[in-house]
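Counting from 1, the numbers follow the sequence of the chain as shown.
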Amino acid sequence: MADKPSAKRWLPLEANPDVMNQFLWGLGVAPDEAECFDVYGLDDELLEMVPKPVLAVLFLYPLTKQSEEERIEQDSAIKDLSSEVYFMKQTVGNACGTIGLLHAVGNITSEINLVDGSYLDNFFKSTAKMNPSERATFLENDREMEVAHSVAATAGETEASDNVDTHFICFSCANGKLYELDGRRAGPISHGASSTSTLLKDAAKVIQKIIQKNPDSINFNVIAISKKTGELE
């Protein structure tokens, strides 16, 4: 877990676009602004099927002994880039799905309109000047989000259990760079130049490298958050 993990544990969110859409729309992302979609594969033909423009990418992958050892090793070399991108730490167990969605929305507030006075509108205004650890504490103590997460976690097609070995991270574009945002890491990780038009393909390249390290696993899911346009309706 992240720095100073709490004893609090939530039920995990299912990697299900319908569940995530209801979660986001209920908290203040207008349904005509953005929507989550499954990404069925990482080759160019399947990526082209995903509605554009893509604003963020969520990736669910299995936690293994190797991945955890790599995370600890890499964290020692991570530079503090938290001023360049909206980033928060994770202190609540199994909150990675919600934090992934908060990372996604927090970095596209200039691209989409949040419902004025909604939960997400107030959340990002309240946490805008906080550091990543302060944002984690704010979320940990936020009863409204805890309830919303619980409702979403029990709305999936599979029975919710807090005993999981998978983890959500977010890929987002900010200031012309692709960032990997994982609340369990020491900070954001830059993967080089990117843009809204190339975000999905750029993220797919990073995701493919992670999948290649776990050839025996099938516990991978990729979900894109796309901006709604007239063509999607």
Closest non-hydrogen atom pair, Ala95 against Trp10:
CB-CE3, 3.8 Å
Could you pull out the closest heavy-atom pair between Val57 and Leu200, with the gap in Å?
CG2-CD1, 3.9 Å
Kindly say whether Gly117 contributes a backbone atom to a donor-acceptor pair with the side chain of Asn122 at under 3.5 angstrom?
yes
Could you tell me the separation between the OG atom of Ser194 and the CG atom of Asn175, rounded to the nearest 0.5 Å?
12.0 Å
Report yes if some heavy atom in the side chain of Phe87 is under 4.5 Å from a heavy atom in the side chain of Pro132; otherwise report no.
yes
Are side-chain heavy atoms of Lys205 and His191 found at a separation under 4.5 Å?
no
Of all the heavy-atom pairs spanning Pro51 and Ser226, show the shortest one and how long it is.
O-OG, 2.7 Å
Side chain to side chain, Phe171 and Leu178, heavy atoms closer than 4.5 Å:
yes
Quick check for you: to the nearest 0.5 Å, what is the distance between Ile99 atom CD1 and Leu58 atom CG?
12.0 Å
Val29 and Ala34 have their tightest heavy-atom pair at CG1-CB, 4.0 Å
Step by step, would you call Leu27 with Leu101 a side chain to side chain contact (heavy atoms under 4.5 Å, CB included)?
CA-CA 11 Å; Leu27 290 174; Leu101 290 169; over 6 Å; no
With a 4.5 Å limit on heavy-atom distance, are the side chains of Gln90 and Arg185 in contact?
no
To the nearest 0.5 Å, how far apart are CG in Asp43 and NZ in Lys201?
10.5 Å
Measure from the side-chain N and O atoms of Arg135 to the backbone N and O of Phe124, and report whether any donor-acceptor pair falls under 3.5 Å.
no
Once salt bridge (Lys or Arg N to Asp or Glu O under 4.0 Å) is applied, do any residues pair with Glu45, and if so which ones, sequence neighbours excluded?
none
Side-chain heavy atoms of Leu102 within contact of Thr127, under 4.5 Å:
no
Tell me every residue that passes ring-ring contact (aromatic ring centres under 6.0 Å, His included) with Tyr40, counting only those two or more places apart in sequence or in another chain.
none
Quick one: list whatever passes salt bridge (Lys or Arg N to Asp or Glu O under 4.0 Å) with Lys213, sequence neighbours left out.
Glu70
Under the side chain to side chain contact (heavy atoms under 4.5 Å, CB included) criterion, do Asn16 and Phe23 qualify, and how do the steps go?
CA-CA 11 Å; Asn16 181 325; Phe23 182 63; over 6 Å; no
Taking the side chain as everything from C-beta on, heavy atoms only, tell me whether Leu46 gets closer than 4.5 Å to Val39.
no
Is the backbone N or O of Cys36 less than 3.5 Å from a side-chain atom of Asn21, with the two atoms forming a donor-acceptor pair by type?
yes
Steps toward side chain to side chain contact (heavy atoms under 4.5 Å, CB included) verdict (Leu114, Phe123)
CA-CA 11 Å; Leu114 296 175; Phe123 180 88; over 6 Å; no
Distance-only donor-acceptor pairs under 3.5 Å for side chains of residues 105-112, two or more places apart:
unit_1 : atom_1 : unit_2 : atom_2 : d
Asn107 : OD1    : Tyr86  : N      : 2.7
Asn107 : ND2    : Tyr86  : O      : 3.1
Asn107 : ND2    : His103 : O      : 2.9

Could you tell me if the side chain of Phe138 sits less than 4.5 Å from the side chain of Met88, heavy atoms only?
no
With no hydrogens and no angle check, is any side-chain donor or acceptor of Glu33 less than 3.5 Å from a backbone partner on Ala30?
no
Linked, directly or transitively: Met130 and Val92 (ILVMFWY side chains, under 4.5 Å):
yes
Under the rule for salt bridge (Lys or Arg N to Asp or Glu O under 4.0 Å), what residues qualify as partners of Asp202, not counting sequence neighbours?
none
Separation between CD1 of Ile225 and CZ of Phe37, rounded to the nearest 0.5 Å:
11.0 Å
What I'd like to find out is whether the side chain of Leu60 reaches to under 4.5 Å of the side chain of Asn219, using heavy atoms alone.
no
Gap between atom SG of Cys170 and atom CD of Glu180 - 0.5 Å precision
10.0 Å
NZ on Lys89 to CG on Leu139, rounded to 0.5 Å:
14.0 Å
How would you list, by chain and number, every residue that makes a salt bridge (Lys or Arg N to Asp or Glu O under 4.0 Å) with Glu146, sequence neighbours excluded?
Lys8, Arg143
Nearest heavy-atom contact between Thr98 and Met145 is CG2-SD, 3.8 Å
Heavy atoms only: give me the nearest Leu13-Ala152 pair and the separation to one decimal.
CD2-CB, 3.5 Å
If you count heavy atoms of other groups shown closer than 6.0 angstrom to CE of Met49, is the number above 12?
no
